[in-house]
Amino acid sequence: MSKVITPQEQDYSKWYNDIVVEADMADHSAVKGCMVIKPHGYAIWEKMQQTLDKMFKDTGHVNAYFPLFIPKKLFEAEEKNAEGFAKECAVVTHYRLKTDPQNPGKLIVDPEAKLEEELIVRPTSEAIIWNTYKGWIQSYRDLPLLINQWANVVRWEMRTRLFLRTAEFLWQEGHTAHETKEEAVEESRKMLEVYADFAENWLAMPVIKGVKTANERFAGADDTYTIEALMQDGKALQAGTSHFLGQNFAKAFDVKFANKEGKLDYVWATSWGVSTRLMGALIMTHSDNHGLVIPPKLAPTQVVIVPIYKTAEGLTKINEFAFSLKAKLEAKNISVKYDNRDSQRPGFKFADHELKGTPVRVAIGERDLESGTVEVARRDLLSKEVINMNDVEAYIEKLLRDIQANLFNKAKERMNTMTHKVESYNEFKKVLDEKTGFILAHWDGTPETEEKIKNETKATIRCIPLNNPLENGVCIYSGKPSTQRVLFARAY
RNA sequence: CGGGGUGUAGCGUAGCCCGGUAUCGCGCCUGCUUUGGGAGCAGGAGGUCGUCAGUUCGAAUCUGGCCACCCCGACCA
């Protein structure tokens with residue numbers, strides 16, 4: 001058992017923080033609510049970025065970059081969007097500091113350097129992007145416009161948690177423009193599928209795809225599609241959203257195009273994003289009391305080789321084998337680190353790589369060289385096996401696939417066990433108190449009922465699952481008729 | 001914004017009630033011995049005790065103000 005990590009069962013929230021900090025992913029910074037993403041954490045984020053970026057490009061999107069600052073006038077153009085984000089905006093009001101005459105060596109804001117118009121630090125980029133699109137779109141020939149940007153955004157949250165909710169975070173935001181409603185809806189659903197694919201096949205995290213209720217919708221959207229994941233402690237996490245924006249932004253920013261009949265019409269829009277919050281999702285889906293567990297497909301280092309030696313001569317022999325194994329694995333596109341630090345002993349390295357989540361560890365000592373074997377350990381199950389040197393590359397290649405699959409299956413099974421169907425409000429509350437997790441229950445479809453349930457139980461409707469089976473029933477709260485169950489949970 | 005808590009070496013802490021120049025562990029540096037699950041021994045470096053003011057011969061310790069951060073709520077696409 002680790003010396004440093006608070007066990008999950010003792011305090012899940014503390015455990016989470018310990019993992020983030022002790023596994024060297026991120027740290028609190030000098031700025032409240034902001035974090036420093038450390039190299040190990042950033043390397044995982046880069047793997048996510050690379051994977052997603054390719055998926056976006058494979059679906060026809062290109063990258064661009066828009067400014068960090070949004071003039072207030074533009075920001076307020078789409079009313080619902082502006083209102084939704086108004087309470088959490090950082091605002092730039094001045095552009096210069098000067099030496100404090102009362103207090104030499106200190107700086108004050110120069111009152112003479114007040115901006116004519118305040119600049120909003122983007123909490124999301126629809127406004128600046130749609131203002132730009134206005135100049136880019138005149139004809140149906142300019143459509144569809146399929147653009148993504150990798151950026152940072154700022155949302156001045158009252159309470160923050162590393163990766164899950166920070167005042168500044170990294171994300172990607174796709175912003176597309178289309179000729180028809182159908183095409184835009186299709187785009188937003190397509191990107192939801194991309195997110196679900198990424199979540200399940202790379203993060204090894206099962207998700208429920210669905211659509212948000214009006215209450216939970218993105219400010220300025222006609223529909224918000226979401227992927228919802230279930231964390232180990234039974235709380236839900238919104239892992240990605242894709243919005244059908246209708247013509248709301250086109251109207252707010254006056255983006256019209258001439259269609260094939262020569263008539264002017266407003267374009268149809270989508271936006272979609274995932275953020276560094278996925279790092280939190282990754283932690284709370286797979287990690288344990290020994291530290292981080294990273295699915296092989298996202299691990300910056302998939303295999304670590306640890307030499308065990310007594311003498312310089314011994315090390316030389318091990319080096320020969322280790323470098324050759326490293327090269328062979330790399331030829332199979334497996335990322336390998338040979339941890340030949342002379343400053344640490346093997347036991348320390350074992351613990352260190354366990355903490356950091358390296359999926360596979362190969363230990364090789366002089367005894368192995370004699371017997372022609374190596375010791376291969378897997379992080380997910382914390383088990384190890386002695387493998388013949390001749391078989392080791394093939395073994396590891398398969399092992400990485402097994403780990404990826406095992407992590408997904410384990411998470412899927414947990415989600416299934418923690419999903420409960422309930423028929424009454426009492427049962428609903430009982431599940432929340434005792435078991436937590438996802439709850440499938442009938443709801444009368446009104447925002448009022450949704451709001452009351454939220455106020456009384458802190459549970460929200462995570463989504464109305466896509467392809468939801470229709471089923472007659474009665475709302476657990478109001479007793480009114482309902483045609484389908486919706487997905488409830490307490491959420492991060 | 002409400003409630004609670006914490007600020008002492010890079011990290012974690014003792015000391016505070018009862019005022020006399022700061023304890024211990026981890027980490028760090030040097031050397032030797034070690035190396036198959038977080039090494040051992042010896043030596044060493046490192047501190048304006050969050051900050052400002054007050055009381056006092058003397059403040060980490062007492063008094064008051066301020067600041068910062070953390071946790072729990074409220075808030076949150």
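None of these values were measured; they are calculated from a predicted model. All chains are named by letter (A, B, ...) in the order of the sequence lines, taking the proteins before the strands, and each is independently numbered beginning at 1.
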* Range-with-range stems for RNA chain B, at least three Watson-Crick or G-U pairs under 3.5 Å ->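 The stems that RNA chain B takes part in, listed by first number, are B:1-7 with B:67-73, B:10-12 with B:24-26, B:28-33 with B:39-44, B:50-54 with B:62-66.
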Separation between the [atom1] atoms of [N] and [M], rounded to whole Å:
| N | M | atom1 | value |
| --- | --- | --- | --- |
| B:A60 | B:G7 | P | 16 Å |
| B:U21 | B:C49 | P | 14 Å |
| B:C11 | B:G3 | C1' | 29 Å |
| B:G20 | B:A39 | P | 40 Å |

Using nucleotides 33-36 of chain B, report all nitrogen or oxygen pairs with the protein that are shorter than 3.5 Å.
{"from": "B:U35", "atom 1": "O2'", "to": "A:Tyr309", "atom 2": "O", "distance (Å)": "3.2"}
{"from": "B:G36", "atom 1": "OP1", "to": "A:Arg345", "atom 2": "NH2", "distance (Å)": "3.2"}
{"from": "B:G36", "atom 1": "N7", "to": "A:Arg367", "atom 2": "NH1", "distance (Å)": "3.4"}
{"from": "B:G36", "atom 1": "O6", "to": "A:Glu366", "atom 2": "N", "distance (Å)": "3.4"}
{"from": "B:G36", "atom 1": "O6", "to": "A:Arg367", "atom 2": "N", "distance (Å)": "2.9"}
{"from": "B:G36", "atom 1": "O6", "to": "A:Asp368", "atom 2": "N", "distance (Å)": "3.2"}
{"from": "B:G36", "atom 1": "O6", "to": "A:Asp368", "atom 2": "OD2", "distance (Å)": "3.3"}
{"from": "B:G36", "atom 1": "N1", "to": "A:Asp368", "atom 2": "OD2", "distance (Å)": "2.4"}
{"from": "B:G36", "atom 1": "N2", "to": "A:Asp368", "atom 2": "OD2", "distance (Å)": "3.2"}

* Would you say B:C69 has OP1 or OP2 under 4.0 Å from some side-chain N or O of A:His28? ->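 Checking A:His28 against B:C69: no side-chain N or O falls below 4.0 Å of OP1 or OP2.
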* Give a yes/no answer on whether the side chain of A:Asn17 brings an N or O atom under 4.0 Å of OP1 or OP2 in B:C70. =>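 So the side-chain polar atoms of A:Asn17 never come under 4.0 Å of the phosphate oxygens OP1 or OP2 of B:C70.
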* Asked: Passes side chain to side chain contact (heavy atoms under 4.5 Å, CB included), A:Arg189 versus A:Leu466? Steps please.
  -> CA-CA 10 Å; A:Arg189 287 190 173 232; A:Leu466 296 185; 4.2 Å; yes
* Whole-Å distance between B:C70 P and A:Asp27 CG? ->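 Rounding to the nearest Å, CG of A:Asp27 and P of B:C70 are 11 Å apart.
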* Asked: Would A:Asp233 and A:Arg490 pass as an ion pair if we require N to O under 4.0 Å?
  ->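 Answer for the salt bridge query: no.
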* Worked verdict on A:Glu385 versus A:Tyr395 for side chain to side chain donor-acceptor pair (under 3.5 Å) -> CA-CA 11 Å; A:Glu385 270 190 79; A:Tyr395 180 84; 2.9 Å; yes
* side chain to side chain donor-acceptor pair (under 3.5 Å): pairs with one or both residues in residues 372-384 of chain A, sequence neighbours excluded ->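 For residues 372-384 of chain A: A:Asp288-A:Arg379, A:Asp368-A:Thr373, A:Ser371-A:Thr373, A:Arg378-A:Asp380, A:Asp380-A:Asn406.
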* Closest to the A:Met158 side chain, choosing from B:G37, B:A74, B:C76 ->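 My answer, after comparing the listed nucleotides, is B:A74.
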